[in-house]
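Let me begin by presenting the structure, written as structure tokens, before commenting on it.
Only this structure's heavy atoms are used, side chains among them; waters, hydrogens and symmetry mates stay out.
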Amino acid sequence: MTHSFQWTAGYPSQRLPVFGRNVVATSHPLAAQAGLRMMQKGGNAVDAAIAGAAVMTIVEPVSNGLGSDAFCILWDGSQLHGLNASGRAPQAWTPQFFKRKYGDNALTPPKRGWDSVTVPGAVAGWMALSERFGRLPFADLLEPAIDIAERGYPVSVVVQQKWAAAARELSGGPGFADAFLPHGRAPNVGELFRFQPAARTLRLLAETKGEAYYRGEIAEAAVRHAQEHGAVMTTQDFARHEPEWVTPLAKPYRNHTLHEIPPSGQGIAAQIALGILQNFDLGSMPVDGPESQHLQIEAMKLAFADVYRYVAEPASMSVGADAMLDDAYLAKRARLIDLRRAQDFGAGNPVKGGTIYLTAADERGMMVSFIQSNYMGFGSGVVVPGTGISLQNRGATFVMQEGHPNRVGPKKRPYQTIIPGFVTREGKPVMSFGVMGGTMQPQGHTQVMVRIADYGQSPQAACDGPRFRFVQGMDVSVEDHGFPAATLEELQRRGHRIVTIDDYNQFGAAQLIWPLEGGYFVASDPRRDGQAVGF
């Protein structure tokens, strides 16, 4: 399969195209190399993804950990599969529980601490993927992570920056300082960091094929710690957790189809935005010009307005995904866009009548799009003593508002920001990709898709190109390089409140794999410490 990319039309970047028959792209080189090791041992792309994900919990603890949630979209060589490995709320989580504890004026659960922690799902996701699609023994997949945790690794530049920034807020979190502040501070760039408690936990997971996490001593240790801090998590909450195989949502865009995990994730926001943009001829406009960027920003605003109003766990949604993606409805939403001025949109009425991302692909045709996250940096700030398990704070995305689909409730999955992406064309895979970074994720998916589908840019150029990030209201952040000054001036004239930011962490980081005849093109975002590798 060949493609007419603009191979020479790119942006300043430290990354060059990488090609191979077996490829991995992650936001840390050690994780990418761990994935290749599994394929060199005879494993497949799923084995590579799990090994890489395990290593990422060690080398980029600022974004994910052994207490993460995870999602996956997988092409098995003939069809797509989706996996929702996010966790559910404890049985005792009710609006009344939080009101009694935090007062009637609490709008959400707390941002940090045990009362922000839902059952972690990532390890169960690894287990499910390995059992159904893996080739190597589960224990083999954890060997690189165990080795790195025991021997240590020099802390990389971007990871160190995020680590130091988080330390100021989280130093008092239960177990946090003991795990992540050796010598009473964040490690320096290049300083060796060993993570022995995580190595012990990984060894136990290897010995029990993950069972100890949900129905053994790890679950028991987590629950003891929770109860010591006044939380209501139980061993039954851990034991009942099961990941869910799901059918990815599909939305055509130009001559491609974007696939996303269905709600309670925000992937549908990218599909809504692209469905709106389908009504405009972006390809006739300069790629980084004000007309194209204005339309993309306004489409994202419209998408988020509906997503924040309607998206939650499917059983609680009053409006289904099909209605939100209906072409006629999206065409109606598109007509709200004023080409001359920015607007602050509310939700429509579609009723009829935060993270690490990695991707891997092997020469047998299997492609894996995988994402896992602790949400807000280190997540809840809680680390279970002696285990190295830093826990996510996904419960913080619940709301208390009566009647809202994302209202907190027992055994309910909260709204999720982490979304793996996958693209097909005429029923065949053409891209496994993801863009990390909270609310940036669907915005990144949209911008990458536009650059490739409308402008013919290569996956690496789509990684490298400048990005905007809609914040709220009329506020839009943009990177301080890449966009022409005339574009930013015109966007401001149309009413966008533009803030240029030199913090590349705000604009996500992409990893992409694109099949070619006899192999793959693999790209890694220059905004992170990552690497694309292959053989």
Pair Gln392-Ser380, side-chain hydrogen bond (donor to acceptor under 3.5 Å, both in side chains): steps then yes or no: CA-CA 5 Å; Gln392 39 85 333; Ser380 63; over 6 Å; no
Short side-chain to backbone donor-acceptor contact, Gln271 and Leu325, under 3.5 Å: no
Exam field: side chain His294 to backbone Asp338, donor-acceptor pair closer than 3.5 Å: yes
Arg494 and Glu490 ion-paired at < 4.0 Å: yes
Donor-acceptor under 3.5 Å (Lys251 side chain, Glu260 main chain): no
Geometric class of the Phe378/Phe180 ring pair [parallel <30°, tilted 30-60°, perpendicular >60°]: tilted
Full working for side-chain hydrogen bond (donor to acceptor under 3.5 Å, both in side chains) between Ser524 and Gln511: CA-CA 5 Å; Ser524 183; Gln511 317 293 331; 2.8 Å; yes
Thr359 side chain to Ser432 side chain, donor-acceptor N/O pair below 3.5 angstrom: yes
Note, Gln343 side chain near Glu298 side chain (heavy atom, < 4.5 Å): yes
Sidechain-backbone polar pair: Asp237 side chain, Gln91 backbone, donor-acceptor under 3.5 Å: yes
Side chain to side chain contact (heavy atoms under 4.5 Å, CB included) between Lys111 and Ser116, intermediate numbers included: CA-CA 6 Å; Lys111 186 172 74 170; Ser116 69; over 6 Å; no
Chi angles and distances behind the side chain to side chain contact (heavy atoms under 4.5 Å, CB included) call for Gln372, Phe370: CA-CA 7 Å; Gln372 67 184 19; Phe370 184 91; 3.4 Å; yes
CA sep, side-chain torsions, deciding dist, call: Val24, Val522, side chain to side chain contact (heavy atoms under 4.5 Å, CB included): CA-CA 7 Å; Val24 184; Val522 56; over 6 Å; no
Close side-chain approach of Pro442 and Ile419, heavy atoms under 4.5 Å: yes
Closest non-hydrogen atom pair, Gly434 against His445: CA-NE2, 3.8 Å
N/O donor-acceptor pair under 3.5 Å between Gln443 side chain and Thr439 backbone: yes
Exam field: side chain Asn64 to backbone Glu60, donor-acceptor pair closer than 3.5 Å: yes
Residues Arg527, Glu479: salt bridge by 4.0 Å N-O rule: yes
Minimum-distance pair of heavy atoms, taken over all atoms of Ala49 and Val368: CB-CG1, 3.7 Å
Donor + acceptor pair across side chains of Gln401, Arg407 (<3.5 Å): no
For the student: nearest non-hydrogen atoms of Met436 and Gln441, plus distance: C-CG, 3.6 Å
More than 12 heavy atoms from other groups under 6.0 Å of NZ on Lys162: yes
Test of ring centre spacing under 6.0 Å for Phe433 and Trp514: no
Derivation and outcome, side chain to side chain contact (heavy atoms under 4.5 Å, CB included), residues His256 and Val430: CA-CA 8 Å; His256 299 76; Val430 294; 4.0 Å; yes
Short side-chain donor-acceptor distance under 3.5 Å, Tyr455 and Ser292: yes
Which atom of Gly289 lies closest to which atom of Thr487, heavy atoms considered: CA-OG1, 3.5 Å
Side-chain (Asn374) to main-chain (Gly377) donor-acceptor, under 3.5 angstrom: no
Minimum side-chain heavy-atom gap Phe422-Met367 below 4.5 Å: yes
Salt bridge Glu313-Arg88, side-chain N to carboxylate O under 4.0 Å: yes
Parallel, tilted or perpendicular, as decided by the 30° and 60° cut-offs, for the rings of Tyr308 and Phe304: parallel
Any donor-acceptor N or O pair under 3.5 Å, side chains Tyr357, Ser369: yes
Flag if over 12 foreign heavy atoms under 6.0 Å of CG, Asn255: yes
Ion pair check, Glu244 and Arg413, cut-off under 4.0 Å: yes
Closest non-hydrogen atom pair, Asp529 against Ser156: OD2-OG, 2.7 Å
Side chain Asp69, main chain Pro120, donor-acceptor under 3.5 Å: no
Sole candidate of Leu274, Ile452, Val423 that passes side chain to side chain contact (heavy atoms under 4.5 Å, CB included) when paired with Tyr253: Leu274
Minimum-distance pair of heavy atoms, taken over all atoms of Ala299 and Ala273: CB-O, 3.8 Å
Pair Arg394, Thr417: side-chain N/O donor-acceptor within cut-off below 3.5 Å: yes
Gln79 atom CD: more than 12 heavy-atom contacts under 6.0 Å: yes
Flag, side chain of Arg469 to backbone of Ser477, donor-acceptor distance under 3.5 Å: no
Candidate pair Asp115 and Tyr102, rule side-chain hydrogen bond (donor to acceptor under 3.5 Å, both in side chains), full reasoning: CA-CA 10 Å; Asp115 286 337; Tyr102 296 99; 2.5 Å; yes
Option among Leu282, Thr446, Asp288 that satisfies the side chain to side chain contact (heavy atoms under 4.5 Å, CB included) test with Arg451: Asp288
Salt-bridge contact Arg497-Asp475 (side-chain N to carboxylate O under 4.0 Å): yes
Short side-chain to backbone donor-acceptor contact, Thr424 and Gly427, under 3.5 Å: no
Reference residue Asp306; test salt bridge (Lys or Arg N to Asp or Glu O under 4.0 Å); the match among Lys301, Arg333, Lys332: Arg333
